[in-house]
Undergrad: 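Below: one structure in structure tokens.
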Amino acid sequence: MAARGVFITFEGIDGVGKSTQIKLLAERLRSDGHAPCLTREPGGSTGAEEIRNLLVQGDPGRWSGETECLLFTAARRDHLEKTILPALEAGKIVLCDRFADSTRVYQGLARGDLRALVDRLHAQFIGREPDLTFILDMAPEAALHRGLARGSGEDRFEEMGLPFQHRLRAGFQAIAHEYPERCRLIDAARAPEIIAAEIAALTAAYIAAQAPA
Ligand code: TYD
């Protein structure tokens, strides 16, 4: 039987602590003998990283919602082909910072009413959902403060303001209800080690449930 990996994504509003949690889960998996593949969107492959620069830098009004959908989908397709699917075929656990749920929420909901377009593009060009999705949830006031404090120069979406971040938070909560079988809503306002322990336990439970009896 072909090796089958596990595809895990992390989602949430800007500044919610996804990258810290990915790092902590990766450390935990390595200590359990796994060799996880860490990746991110937009980006995660050479071509998609080039598209990323077009998306995260520059004026907040640079692209229409429709153009953004196309650019994110193009980046995701390259990422899927070059990074995610090869790692899953090699039997790896893939930990991905954002995936299609971000497009559903950022472009599909919060930037306008484009969910039908997002769904059509996803069905046609991506057609793959994660096995497990951790949605990190916290108040935008606290998250935005953390995100902008990083001063990364990649703040195009953070600069869209607090009401936008509130729409995003509600959008991610709705995704957790829409896809209850793969999504786990995580209270991200707690201490990082407490959150990490919950995520590690949920991941271990998923992996154990997949193991052949
Ligand atoms: P990311 O690097 O994850 O930023 P952060 O670390 O601040 O969360 O993502 C860059 C930005 O791109 C982020 O503000 C969310 C946005 N984004 C979308 O609008 N749609 C998408 O499909 C994805 C993957 C990201």
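As the structure lists them, so they are numbered: ligands from 1, and atoms in each ligand from 1.
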Undergrad: Do Thr39 and His79 have side-chain N/O donor and acceptor atoms under 3.5 Å apart?
TA: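 His79 and Thr39 do have a side-chain donor-acceptor pair below 3.5 Å.
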Undergrad: Which ligand 1 atoms, with their elements, are less than 4.0 angstrom from a heavy-atom of Arg76?
TA: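 Every atom of ligand 1 under 4.0 Å from some heavy atom of Arg76: 22 (O), 24 (C).
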Undergrad: Measure from atom 3 (O) of ligand 1 to every heavy atom in Arg98, Arg40, Gln165, Glu11 and give the option owning the shortest one.
TA: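 That would be Arg98.
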Undergrad: Is the closest N or O pair between Arg52 and ligand 1 shorter than 3.5 Å?
TA: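 Yes, since at least one N or O of Arg52 sits under 3.5 Å from an N or O of ligand 1.
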Undergrad: Which ligand 1 atoms are under 4.0 Å away from a heavy-atom of Pro42?
TA: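 What qualifies from ligand 1 is 9 (O), 24 (C), 25 (C).
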Undergrad: Taking the six-membered ring of Tyr179, is NZ or CZ of Arg182 closer than 6.0 Å to its centre and within 45° of its axis?
TA: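 Cation-pi check for Arg182 and Tyr179: passes.
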Undergrad: Is Gln107 close to ligand 1, meaning an N/O of one under 3.5 Å from an N/O of the other?
TA: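 Such a contact does occur with ligand 1.
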Undergrad: Hey, looking at atom 10 (C) of ligand 1, which of Val118, Val56, Thr103 has the closest heavy atom?
TA: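 That would be Val56.
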Undergrad: Go through ligand 1 atom by atom and flag the ones less than 4.0 Å from a non-hydrogen atom of Lys18.
TA: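 Every atom of ligand 1 under 4.0 Å from some heavy atom of Lys18: 3 (O), 8 (O).
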Undergrad: Evaluate whether atom CZ of Arg28 has more than 12 neighbouring non-hydrogen atoms of other residues, nucleotides or ligands under 6.0 angstrom away.
TA: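 Open.
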Undergrad: Starting at NZ of Lys18, measure out to CZ of Arg98 and round the result to the nearest 0.5 Å.
TA: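 The CZ atom of Arg98 is 4.0 Å from NZ of Lys18, to the nearest 0.5 Å.
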Undergrad: Would you say the rings of Phe7 and Phe99 are close, in the sense that their centroids are separated by under 6.0 Å?
TA: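 Yes: the rings meet the under 6.0 Å criterion.
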Undergrad: Throw together a table of side-chain donor-acceptor distances under 3.5 angstrom for residues 195-207, partners on residues two or more places apart or in other chains.
TA:
from   : atom 1 : to     : atom 2 : distance (Å)
Glu198 : OE1    : Arg190 : NH1    : 3.3
Glu198 : OE1    : Arg190 : NH2    : 2.4
Thr203 : OG1    : Ile199 : O      : 2.8

